[in-house]
*Asks:* 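Quick one: this structure, given as structure tokens, is what I'll be asking you about.
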Amino acid sequence: MTEPVCVRFAPSPTGHMHIGSARTALYDYLLARKTGGRFILRIEDTDQKRLIPGAEQEIIDGLHWLGLDWDEGPDKGGPHGPYRQSLAKEIYLEHARQLIANDRAYPCFCTSERLAALRESQRQRKENPRYDGTCRNLPPSEAARRMAAGETHVIRFKTPKEGSTAAVDLLRGEIRVENGTLDDFILVKSDGLALYHLAAMVDDNRMGVTHVLRGAEWLSTLPLHALVVRAFGWREPVWCHLSVFLKPSGKGKMSKRDSAQTATEGHSIFIRDLREEGYLPEAIVNWIALMGASFDETEDVFSLEELVRRFDLKHLNPSPAAISYEKADHFNGTHIRLLSVEDLTALLKPVFEKAGYAADGERLRKVAAAVQVRIVTLDDAVAMGGFFFHDEVHPEAHDLVGKGLTTAQSADALRAARELLAAEPEFESAKDEAALRALAERLGYKPGVLFGMMRAAITGQTVSPPLFASMEIIGRKTYLARLEAAEELLRKMVG
RNA sequence: GCCCCCGUUGUCUAGCGGCCCAGGACGUGGCCCUCUCAAGGCCAAAACACGAGUUCGAAUCUCGUCGGGGGCACCA
């Protein structure tokens with residue numbers, strides 16, 4: 001059995017929570033629960049300019065919706081606070097000072113204008129944009145004097161110029177880079193707030209994080225982070241970089257802009273949209289868990305509990321994965337079918353209400369059962385079963401005309417069916433289906449042709465739950481009325 | 001441009017030197033079931049990027065090539 005780990009999910013509240021970060025959080029959760037370890041939620045809000053109001057709450061809501069919970073976080077406290085980086089400014093500053101004292105970092109007084117100009121000229125000379133080291137070798141006394149004088153400055157890491165740095169990624173093995181290609185990256189901004197490179201390392205250490213799960217876009221900065229951790233003399237966490245999610249086309253990383261486009265095309269990468277569209281949290285969990293991983297040779301439908309049982313970082317795949325909405329739909333349909341009718345009924349109630357239908361208990365239960373195997377999202381239930389709650393239905397005239405029949409013949413058939421049903425008490429499919437089939441035969445039509453006309457008349461749709469089950473649900477009075485209305489419509493057309 | 005990573009069917013993947021003329025799933029096509037649509041069942045097409053090695057033997061190891069992706073901010 002594995003040792004208990006400590007993991008953290010550390011999103012920055014700068015936008016909607018998407019499936020990429022949801023998957024990172026999921027894996028954090030699975031690893032923590034699997035090993036009996038700790039799962040921390042930490043908000044990385046050091047970039048005050050990019051903050052979006054409400055984003056933090058959306059993250060918390062999204063995680064809860066997915067069924068994930070954590071042991072420590074800004075909302076529930078814990079022994080390692082603060083869990084919001086904007087509140088830990090002093091802590092980072094102290095660590096930065098410590099690095100300066102040890103000659104592993106230095107204050108840099110260059111203005112961002114100068115740096116921008118520097119980058120520009122480097123680009124024109126086709127050189128790699130990099131800090132030129134102007135302040136790197138300032139005499140310590142001068143640096144201290146200028147800092148004390150309150151001169152605006154950032155703090156940079158003193159990256160070694162010789163040799164190479166290697167760090168181990170769990171999924172890929174050793175990642176090694178020449179130190180000469182590394183920059184003297186900034187640790188603390190001129191406003192005194194730390195950047196990710198410092199803040200995350202400090203927090204991971206003070207929170208006792210043993211395993212860092214993060215997106216593969218961090219892979220190229222891994223050596224930097226290893227250097228920072230080592231400069232402090234801390235033990236390194238296990239680094240595990242998760243594969244990036246690619247657009248469905250497989251061309252390029254899923255970005256905010258693309259997501260806006262896919263949203264207009266009916267699919268979104270944002271958790272709250274998926275929720276709004278009628279996706280089940282267990283389906284989304286199942287879907288994202290399997291993007292870039294596999295937990296069984298032949299099975300692929302798993303509950304959260306089952307995922308906890310099976311989870312192992314060894315099952316993760318390092319290569320980029322194109323997201324597939326077809327698969328999301330498949331999992332959603334599968335999980336809807338896995339629901340008990342009671343649970344589906346409860347889930348469908350607000351969906352019908354949102355569509356303007358007052359869906360009552362027993363009737364809704366029957367509708368849920370009728371609709372269960374033929375919806376992909378909860379919202380589909382409205383299109384499939386809305387007619388159960390309408391007062392009237394408005395079928396297309398041409399759908400009321402049986403295949404190969406004239407309008408008059410169709411009206412006659414509808415009347416015959418209505419009269420047959422009117423002679424009976426409440427509809428019983430076992431008995432009345434046979435009668436209707438006999439009627440079709442007597443009329444010389446295939447049963448399906450008659451049923452098709454009746455379906456259009458009663459449901460107003462060409463696609464619906466089974467006709468007879470629908471009739472039982474909707475009731476004698478209603479189906480007789482709709483049959484009659486349909487017949488009238490056809491008579492009017494005949495003239 | 002520089003640095004890093006990845007490379008099994010259209011897509012997500014299993015595979016970690018012989019069990020593989022490559023398994024599962026989505027999607028696609030066909031059949032069955034059937035009052036429509038689904039669901040379900042059965043079947044089919046579909047892949048080891050390429051080239052050199054290493055080895056008795058390679059999808060599995062090495063190198064190169066070619067593809068793809070990521071990163072190069074006082075963002076995370």
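Because only heavy atoms are used, hydrogens play no part in the values below, and waters and symmetry mates are left out as well, while side chains stay in. In the text below, chain A, chain B and the rest are named by the order of the sequence lines, each starting its count at 1.
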*Asks:* Looking across every strand, which nucleic acid part, if any, lies under 4.0 Å from A:S12 by heavy atom: base, sugar-phosphate, or nothing?
*Replies:* sugar-phosphate
*Asks:* If you look at every strand shown and take non-hydrogen atoms under 4.0 Å, does A:R50 touch a base, only sugar-phosphate, or nothing?
*Replies:* base
*Asks:* Are A:F157 and A:Y106 close enough that their ring centers fall under 6.0 Å?
*Replies:* no
*Asks:* Between C1' on B:C4 and CD on A:E174, what's the gap in Å once rounded to a whole number?
*Replies:* 13 Å
*Asks:* Counting just side-chain N and O atoms, does A:N317 come under 4.0 Å of either OP1 or OP2 of B:G7?
*Replies:* no
*Asks:* Relative to the 5' end of RNA chain B, which residue comes earlier, A:A194 or A:S243, by the nucleotide with the nearest heavy atom?
*Replies:* A:S243
*Asks:* Suppose the criterion is side-chain hydrogen bond (donor to acceptor under 3.5 Å, both in side chains): which pairs have a residue in residues 196-205 of chain A, not counting sequence neighbours?
*Replies:* A:R8-A:D204, A:R42-A:D204, A:Q85-A:D203, A:Y92-A:D203, A:Y196-A:R214, A:H197-A:H225, A:D203-A:R206
*Asks:* Heavy atoms only, 4.0 Å cut-off, all strands: where does A:D296 land among base, sugar-phosphate and nothing?
*Replies:* nothing
*Asks:* Evaluate the side-chain proximity of A:N317 to A:S243: yes if any heavy-atom separation is below 4.5 Å, no if none is.
*Replies:* no
*Asks:* For the residue pair A:R230 / A:T165, report whether a side-chain donor-acceptor contact shorter than 3.5 Å exists.
*Replies:* no
*Asks:* Any strand counts, and the cut-off is 3.5 Å on both contacts for Watson-Crick or G-U wobble. Which nucleotide pairs with B:A73?
*Replies:* none
*Asks:* For A:T478 and A:R482, which I'm curious about, is there any donor-acceptor pair between the side chains at under 3.5 Å?
*Replies:* no
*Asks:* Decide, yes or no, whether a salt bridge links A:E424 with A:R476 under the criterion of side-chain N to carboxylate O below 4.0 Å.
*Replies:* no
*Asks:* So, A:R130 side chain and A:D183 main chain: donor-acceptor pair closer than 3.5 Å or not?
*Replies:* no
*Asks:* Check the distance between B:A73's P and A:E113's CD and give it to me in whole angstrom.
*Replies:* 16 Å
*Asks:* NA contact type, A:K446, heavy-atom cut-off 4.0 Å: base, sugar-phosphate, or nothing?
*Replies:* nothing
*Asks:* Side chain of A:A322 only, please: which of B:C75, B:C12, B:G23 is the nearest?
*Replies:* B:C12
*Asks:* Just by protein heavy atoms under 4.0 Å, how would nucleotides 64-71 of chain B read 5' to 3' in B, S and -?
*Replies:* -----SBS
*Asks:* Can you tell me the distance, in whole Å, between the CD atom of A:E127 and the C1' atom of B:C3?
*Replies:* 16 Å
*Asks:* Taking only the P atom of each, what is the distance from B:A58 to B:G53 in whole angstrom?
*Replies:* 12 Å
*Asks:* What does B:G7 pair with, Watson-Crick or G-U, if both distances are under 3.5 Å?
*Replies:* B:C66
*Asks:* Is A:S190 touching bases, backbone alone, or none of the nucleic acid, heavy atoms closer than 4.0 Å?
*Replies:* base
*Asks:* Rounded to the nearest angstrom, tell me the gap between atom CZ in A:F302 and atom C1' in B:C12.
*Replies:* 13 Å
*Asks:* Report the distance from atom CD1 of A:I288 to atom C1' of B:A25, rounded to the nearest whole Å.
*Replies:* 18 Å
*Asks:* Give a yes or no on whether a donor-acceptor pair under 3.5 Å exists between the nucleobase atoms of B:C26, that is its base, and the side chain of A:S324.
*Replies:* no
*Asks:* Rounded off to whole Å, could you give me the OH-to-C1' distance for the A:Y325 and B:A25 pair?
*Replies:* 19 Å
*Asks:* Say you pick atom P in B:C35 and the same atom in B:C19; how far apart are they, in whole Å?
*Replies:* 48 Å
*Asks:* Taking atom types as modelled, find out whether A:T134 and A:D132 have a side-chain donor-acceptor pair closer than 3.5 angstrom.
*Replies:* yes
*Asks:* Can you tell me how far P in B:U34 sits from the matching atom in B:G27, rounded to whole Å?
*Replies:* 24 Å
*Asks:* For atom P, what is the distance between B:A59 and B:G51, given to the nearest Å?
*Replies:* 12 Å
*Asks:* If you measure from the C1' atom in B:A49 to the same atom in B:U60, how many Å do you get, rounded?
*Replies:* 16 Å
*Asks:* Tell me which nucleotide, if any, is Watson-Crick or G-U wobble paired with B:A44 when both distances must be under 3.5 Å.
*Replies:* B:U28
*Asks:* Considering only heavy atoms, which members of residues 326-333 of chain A lie under 4.0 Å from some atom of RNA chain B?
*Replies:* A:E326, A:K327, A:H330
*Asks:* Considering residues at least two apart in sequence or located in another chain, which fulfil the side chain to side chain donor-acceptor pair (under 3.5 Å) criterion with A:S303?
*Replies:* A:E305
*Asks:* Name the residue closer to the 5' end of RNA chain B, choosing between A:G173 and A:S294 according to the nucleotide with the nearest heavy atom.
*Replies:* A:G173
*Asks:* Dump the intermediate steps for side chain to side chain donor-acceptor pair (under 3.5 Å) on A:S470 and A:R455, then the final yes or no.
*Replies:* CA-CA 9 Å; A:S470 298; A:R455 177 190 316 286; over 6 Å; no
*Asks:* Does B:A76 have its OP1 or OP2 closer than 4.0 Å to a side-chain nitrogen or oxygen of A:T46?
*Replies:* yes
*Asks:* Quantified in whole Å, what is the P atom distance between nucleotide B:A45 and nucleotide B:G10?
*Replies:* 15 Å
*Asks:* Grab the CZ-P distance between A:R176 and B:C2 for me, whole Å please.
*Replies:* 22 Å
*Asks:* Applying a 4.0 Å non-hydrogen cut-off, can you work out what A:N128 is touching in the nucleic acid: base, sugar-phosphate, or nothing?
*Replies:* base
*Asks:* Quick one: look up who B:U60 pairs with, Watson-Crick or G-U, both distances under 3.5 Å, and put none if it's unpaired.
*Replies:* none
*Asks:* For the pair A:R309 and A:E306, find out whether any cationic side-chain nitrogen is under 4.0 Å from an anionic carboxylate oxygen.
*Replies:* yes
*Asks:* Between B:G15, B:A25, B:C75, spot the one nearest the side chain of A:D300, thanks.
*Replies:* B:A25
*Asks:* Taking only the C1' atom of each, what is the distance from B:U54 to B:A44 in whole angstrom?
*Replies:* 39 Å
*Asks:* Among side-chain atoms of A:D399 and A:T462, is any donor-acceptor pair under 3.5 angstrom?
*Replies:* no
*Asks:* Name the pairing partner of B:C16, where a pair is Watson-Crick or G-U wobble with both distances under 3.5 Å, or state none.
*Replies:* none
*Asks:* Between B:A73 atom P and A:L224 atom CG, what is the distance in whole Å?
*Replies:* 11 Å
*Asks:* Using the side-chain heavy atoms of A:T181, tell me which of these nucleotides is nearest: B:C6, B:A76, B:C3.
*Replies:* B:C3
*Asks:* What integer number of Å spans the C1' atoms of B:U9 and B:A22?
*Replies:* 11 Å
*Asks:* Please classify the nucleic acid contact of A:R130 as base, sugar-phosphate, or nothing, using heavy-atom distances under 4.0 Å.
*Replies:* nothing
*Asks:* Suppose the criterion is side-chain hydrogen bond (donor to acceptor under 3.5 Å, both in side chains): which pairs have a residue in residues 436-449 of chain A, not counting sequence neighbours?
*Replies:* A:E433-A:R437
*Asks:* Report, as a single string ordered 5' to 3', how protein heavy atoms within less than 4.0 Å touch nucleotides 29-43 of chain B: B base, S sugar-phosphate only, - not at all.
*Replies:* ------BBBBSS---
*Asks:* What's the separation between atom CD in A:E162 and atom OG1 in A:T159, rounded to the nearest 0.5 Å?
*Replies:* 13.0 Å
*Asks:* Taking the six-membered ring of A:F302, is NZ or CZ of A:R310 closer than 6.0 Å to its centre and within 45° of its axis?
*Replies:* no
